[in-house]
Structures are given as structure tokens and as C-alpha cells.
Amino acid sequence: MFNFTIDKTPKKDLSNDKTYDLIVLGGGPAGLNAALYAKRKNLDVIIVANEIGGQLNNTKDVDNYLGFKAVDASRLIEAFQSHVNTFDVPTLTGVYVKEIQKSDNLFVISLSTGETLSSKTIIYTLGGNPRKLGVKGEKEFQSRGVSYCVTCDGPFFKNKVVAVIGGGNSAVDAAIDLAQIAKQVVLIQRSQLRADQSSVLKLQSLPNVQIHLETDVLSFNGQDVLKSLSLYDKHHESTIELDVDGVFVEIGNIPNSDLASEFVLRNDQKEIITNELQETKTKGFYAAGDVTSMPHKQVIIAASQGAIAALQAAIYINKGE
Ligand SMILES: Cc1cc2nc3c(=O)[nH]c(=O)nc-3n(C[C@H](O)[C@H](O)[C@H](O)COP(=O)(O)OP(=O)(O)OC[C@H]3O[C@@H](n4cnc5c(N)ncnc54)[C@H](O)[C@@H]3O)c2cc1C
């Protein structure tokens, strides 16, 4: 620990003519860590976010963030935010970013409040959301049996019966992972499997995996926690009641990347493509966290990408390009 003094003077001037070194868009793990690293590099930085904490607001417990065993997600958000607050980073919350433009080598952000902000660099961390099935009971049993993340919640289902919904690579890989943990895994797909052939063959070879194709999920059922799924087998035209301890919905992620489309390249799932320094095709425009094509959507990964982006933005600004 070095004993240097960091300028903690709040700079909360939001007037139109001020130019920030950096605007961090998003206040999830990626954005908060980006702001922390940027401020410690003495950048004049502001965070703009609809809601601090991002997707962590949608879950109860986090069991895999280093240094925090089985922590309540809201406590993790508080810990992140209070750490950032010690550096007095100005933060605009409860606002939406509406548009990003570039003018005279500066980025100009239009907000839902009608204000605009300008900066030399942007770190874009608007995240995303897991795609939902949208059937009865799904929302009610989220975090009480229904999960969207095997890496996050798989270990809670050791020796239990779980279902995985979906037929793409992420669903098949999730089912393969879960087969090492759970007693039984049932993969449910409304049509045919779309995953890579090698993954499908691996899945089919596992003794504790059952595959139901051409099967729709009708509802998630239970009392306090999820107990069963109601399914419709389209091939046999019959309904099935499947008892489960947990369900993993693995039907994709919806990244909030549209606002960046002019400045970045995106893959076919609309995730932003960056290099290993979180740079995009536009100089001074970085992206980090779940909005990127990084396949592992995790708090620690989003936070570390935010740090990389901030360090890179500091180098870019100090070079005065
Ligand atoms: C139910 C659930 C459980 C999870 N459990 C775990 C777990 O146990 N462990 C783990 O490591 N990971 C877990 N994750 C994944 C983890 O939450 C994400 O990987 C992480 O939050 C990604 O951080 P991020 O900063 O990239 O994006 P996000 O968390 O998505 O944050 C995006 C930010 O952008 C803001 N934003 C979006 N659009 C706009 C806009 N137009 N204008 C202004 N602001 C905007 C949001 O308000 C938010 O502040 C879970 C995810 C879910 C959904």
C-alpha cells in the first residue's frame, strides 16, 4: 500500500461545455470498477447509469466473487459502490443514455433528462439480460429454483434433479457441466438441437442426461420454491409433469449494444467485439462486461474488463492522441 494522496475533490459540474476525460456508461460491476481505476489514474470521470449494480439487482446470493463467500448480492453492490464513493466519482443514476455521437473528436452523450455530456473517451458497459422464456411461474421462481447461469448456481444443485431449457451451444454446454454435479439432467428443447455436433455427441453419451426434443415448457410450478415443470410433448401430443429441483434457462443473452452500433463491431448475437485491451474499432471507445462477446458472463470478469478498459483509456488520454 503506497501512501500517495489522490485528489478526491468532487467535480460534479454537468454543464454542457465541460469535457470529461472519460464517461463510463453503466453502473454494474464493469462500470463501477472502470470508474474506480480511472479515478485512481486521476482521470476526470463520471458514471452514467440507470441503476447501480446492474444485473446483480436481479439475484439474491453470489457465491463466486473472490473474497466474499456466499454474499448477499445487495451487500456486494453496496461494497462496490461505497468503494467507488471513497473516490468521489460523480454519478448520474436514474437516467437513460439515449444517443452517442462523435463531434470534433469528442463523444457526446444525450440523456433521457435532455442533458448532454461530452468526453474524450467512453467505456461502454451497458450489460445485458438473459433471455426469458416468458411462461407462467418463471418470474415467481427466479432465484428459488429458476436460474439463468450454470457457472453461478450449478454447484447449489449437487446430486439433485435439474432441467436445462434450450438447444444451442450454451444450453448443451450447460447440461454437460451440470451432469458432473447433478444426479440427473433433463434437457428440454422446443425444436431440434442446434449446438455443435461434438457437444451434442458428448451430451448424448452421458448416462445421467435425458433429452426431450420438440417439447414446450408450459409453466413452472411449486409453492415457495420450484417443484415441477409442465411440458407439452409436440411429437406425442401429450402433457408431462416433470419433478425438478432446479431449472436453468439457457436460451441466450440480450446485450444492450444498439447505442454503440456506430462505433463498434458486433457478432451475430449483437455482442460487442473488443480486443484483449477492451478496445473497439473506434479510438477512445472501449467496451467491457456482459455487453461484449466474452462468453463467460460473470461479475469478476466484467469487473476485470472494466479495469483493463480504464487503464487503457488512461494511456490513450495521457498520450494526447
Ligand atoms: C439472475 C442472475 C444471477 C447472477 N448470478 C451471478 C453470480 O452468482 N455470480 C456471478 O459472477 N455473476 C452472476 N450473474 C452475472 C452478473 O450479474 C453479470 O455478469 C454482471 O452483472 C455483468 O456486469 P456488467 O457491468 O457488464 O453489466 P450489468 O450488470 O448488466 O450492468 C449494466 C449497467 O448498465 C445500465 N444501463 C443499461 N442500459 C442503460 C441505458 N440505456 N442508460 C443508462 N444505463 C443503462 C444498467 O442500469 C447497469 O447499471 C448473474 C446474473 C443474473 C441475471
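When a ligand or atom number is given, it counts from 1 through the structure's own listing order. Sequential numbering from 1 along the given sequence is applied to the chain's residues.
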Please report which non-hydrogen protein atom sits nearest to atom 37 (C) of ligand 1, along with the residue it belongs to and the distance in Å to one decimal place.
L126 O, 3.4 Å

Heavy-atom nearest neighbour in the protein, as seen from atom 2 (C) of ligand 1, with distance rounded to 0.1 Å
T59 CB, 3.9 Å

CD1 of I211 to CD of Q204: how many Å apart, nearest 0.5 Å?
5.0 Å

Quick note on ligand 1: atoms under 4.0 Å from a heavy atom of G289 include exactly 26 (O)

Residues Q101 and S103: side-chain donor-acceptor under 3.5 angstrom
no

Within 4.0 Å of some non-hydrogen atom of P130, the atoms of ligand 1 are 53 (C)

Hey, which atoms in ligand 1 end up nearer than 4.0 Å to a heavy atom of Q142?
1 (C)

State the atoms of ligand 1, each with its element, that fall below the 4.0 Å cut-off from a heavy-atom position in G128.
30 (O)

Any N/O of A30 closer than 3.5 Å to an N/O of ligand 1?
yes

Do Q180 side-chain atoms and I176 backbone N/O form a donor-acceptor pair below 3.5 Å?
yes

Within 4.0 Å of some non-hydrogen atom of V299, the atoms of ligand 1 are 10 (C), 11 (O), 12 (N), 16 (C), 19 (O)

Main-chain N/O of I300 paired with S304 side-chain donor or acceptor, under 3.5 Å
yes

Consider only side-chain N and O atoms of D196 and S198, and report whether a donor and an acceptor are under 3.5 Å apart.
no

Among R190, Q192, H236, Q189, the one residue meeting side chain to side chain donor-acceptor pair (under 3.5 Å) with E214:
Q192

Ligand 1 and G26, any nitrogen or oxygen pair closer than 3.5 angstrom?
no

In terms of residue, atom name and distance, what is the protein heavy atom nearest to atom 13 (C) of ligand 1?
C152 SG, 3.2 Å

cation_pi(K41, Y37) dist<6.0 Å, angle<=45:
no

Check if Y148 has a non-hydrogen atom at a distance under 4.0 Å from any atom of ligand 1.
no

Donor-acceptor pair between Y96 and N50 side chains, under 3.5 angstrom
yes

For atom 42 (N) of ligand 1, the protein heavy atom that lies nearest, with its residue and separation:
V97 N, 2.8 Å

Checking a contact table here: which protein heavy atom is nearest atom 44 (N) of ligand 1, and how many Å away?
N50 N, 2.9 Å

For atom 30 (O) of ligand 1, which candidate among K98, Q55, E99 holds the nearest heavy atom?
Q55

Can a donor-acceptor pair be found between the side chains of S230 and E241 at a distance below 3.5 Å?
yes

Run the contact test for T151 against ligand 1 with a 4.0 Å cut-off on heavy atoms, strictly below, and give the result.
no

Out of curiosity, K270 NZ to D258 CG, how far, rounded to the nearest 0.5 Å?
5.0 Å

Among all protein non-hydrogen atoms, which one is nearest to atom 9 (N) of ligand 1, and what is the separation to 0.1 Å?
N64 OD1, 2.9 Å

Nearest heavy atom to atom 24 (P) of ligand 1 wins, so pick from P29, G54, P255.
P29

Can you pull out the closest protein heavy atom to atom 27 (O) of ligand 1? Residue, atom name and distance to 0.1 Å, please.
G127 CA, 3.4 Å

Got a second to check how far T125's OG1 is from Q278's CD, nearest 0.5 Å?
11.0 Å

Any side-chain donor near an acceptor of the partner, N221 and S228, under 3.5 Å:
yes

Closer than 4.0 Å to some heavy atom of E51 - which atoms of ligand 1 meet that?
46 (C), 47 (O), 48 (C), 49 (O)

Does K227 qualify as a cation-pi partner of F141, given the criterion of NZ or CZ under 6.0 Å from the six-membered ring centre and within 45 degrees of its axis?
no

V62, any N or O under 3.5 Å of ligand 1 N or O:
no

Going by the atom numbers of ligand 1, which of them fall below 4.0 Å from some non-hydrogen atom of Q298?
10 (C), 11 (O), 12 (N), 19 (O)

Do the ring planes of F263 and F107 sit parallel (below 30°), tilted (30 to 60°) or perpendicular (above 60°)?
perpendicular

What atoms of ligand 1 come closer than 4.0 angstrom to any heavy atom of T125?
32 (C), 33 (C), 34 (O)

Give me the residue, atom name and distance of the protein heavy atom closest to atom 26 (O) of ligand 1.
D290 N, 2.8 Å

